[in-house]
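Below: one structure, written as structure tokens.
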Amino acid sequence: MMKTDDSILEVCFLIRSYGKGELAMCYIHGVSQQAAVNRFNTWIRKAPGLEQRLLEMGMSRTGRNYTPAQVQAIVNVFGEP
């Protein structure tokens, strides 16, 4: 949240298509994009059932993007970045 002139602006995470690197960087800060993707992929593999669900939703392990539905599934597990 950002505070400006006694009003609070809430910054909401938008569910839309994201590049894998783009979404990984939303969750993991302070590292290179490739390092963020590698770590994020590890999170996805370790989250019970998430990788299988994403694969059933059409995610490609070698693809470069997440669909809005896949992003929603990720947010449901990890919360908003």
Side-chain angles (χ1 to χ4, degrees):
M1 283 193 254
M2 299 170 51
K3 187 169 180 165
T4 312
D5 300 327
D6 295 328
S7 65
I8 296 176
L9 300 173
E10 211 171 301
V11 178
C12 296
F13 179 74
L14 182 63
I15 301 296
R16 61 171 177 82
S17 292
Y18 282 87
K20 288 185 175 181
E22 179 185 16
L23 186 61
M25 295 294 289
C26 289
Y27 281 94
I28 301 166
H29 307 279
V31 298
S32 71
Q33 184 172 353
Q34 188 59 55
V37 168
N38 292 344
R39 191 176 303 168
F40 196 62
N41 286 339
T42 298
W43 291 5
I44 288 172
R45 282 192 303 277
K46 289 185 175 184
L50 179 58
E51 183 176 32
Q52 185 59 38
R53 177 127 193 266
L54 292 172
L55 290 169
E56 289 168 0
M57 298 171 84
M59 179 189 80
S60 167
R61 286 188 175 103
T62 60
R64 294 180 177 229
N65 297 298
Y66 292 113
T67 67
Q70 292 164 349
V71 171
Q72 184 63 64
I74 291 166
V75 169
N76 289 346
V77 172
F78 299 135
E80 291 186 1

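Computed from a predicted structure; not experimentally measured.
- The minimum heavy-atom distance between Met57 and Ala73, with the atom names listed, is SD-CB, 4.0 Å.
- Side-chain contact check for Val37 versus Leu23: every heavy-atom pair is 4.5 Å or farther apart.
- The same ILVMFWY cluster, assembled from side-chain heavy atoms under 4.5 Å apart, contains both Leu54 and Phe13.
- For residues 55-81, the set of pairs meeting the salt bridge (Lys or Arg N to Asp or Glu O under 4.0 Å) definition, not counting sequence neighbours, comprises Glu51-Arg61.
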Stepwise, does the side-chain contact (heavy atoms from CB on, under 4.5 Å) test hold for Leu50 with Asn76? CA-CA 10 Å; Leu50 179 58; Asn76 289 346; over 6 Å; no
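- For residues 45-66, no pair satisfies ring pair (Phe, Tyr, Trp, His ring centres under 6.0 Å), with sequence neighbours left out.
- Partners of Ser17 under the side chain to side chain contact (heavy atoms under 4.5 Å, CB included) rule, at least two apart in sequence or in another chain, are Pro68.
- Contacts of Phe40 classified as ring pair (Phe, Tyr, Trp, His ring centres under 6.0 Å), with partners at least two apart in sequence or in another chain: Tyr27, Trp43, Phe78.
- With values rounded to the nearest 0.5 angstrom, Ser32 atom OG is found 7.5 Å from Asn38 atom CG.
- A donor-acceptor pair is defined here as one N or O able to donate and one able to accept, closer than 3.5 Å; no such pair exists between the side chain of Gln52 and the backbone of Gly49.
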Carefully, step by step, assess Val71 and Val75 under the rule side-chain contact (heavy atoms from CB on, under 4.5 Å). CA-CA 6 Å; Val71 171; Val75 169; 4.3 Å; yes
Test side-chain contact (heavy atoms from CB on, under 4.5 Å) applied to Lys20 and Asn65, step by step: CA-CA 5 Å; Lys20 288 185 175 181; Asn65 297 298; 5.9 Å; no
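- Smallest separation of non-hydrogen atoms from Glu22 and Arg16: OE2-NH2, 2.6 Å.
- By the rule that hydrophobic residues join a cluster once side-chain heavy atoms approach within less than 4.5 Å of another member, Ile15 and Met25 end up as members of separate clusters.
- Not a single side-chain hydrogen bond (donor to acceptor under 3.5 Å, both in side chains) links Asn41 to another residue, sequence neighbours left out.
- Gln70 approaches Gly58 most closely through the heavy-atom pair NE2-C, 3.4 Å.
- Thr42 pairs by the side chain to side chain contact (heavy atoms under 4.5 Å, CB included) definition with Arg45, Lys46, not counting sequence neighbours.
- Atoms CG and SG, from Leu14 and Cys26 in turn, are 10.5 Å apart once rounded to the nearest 0.5 Å.
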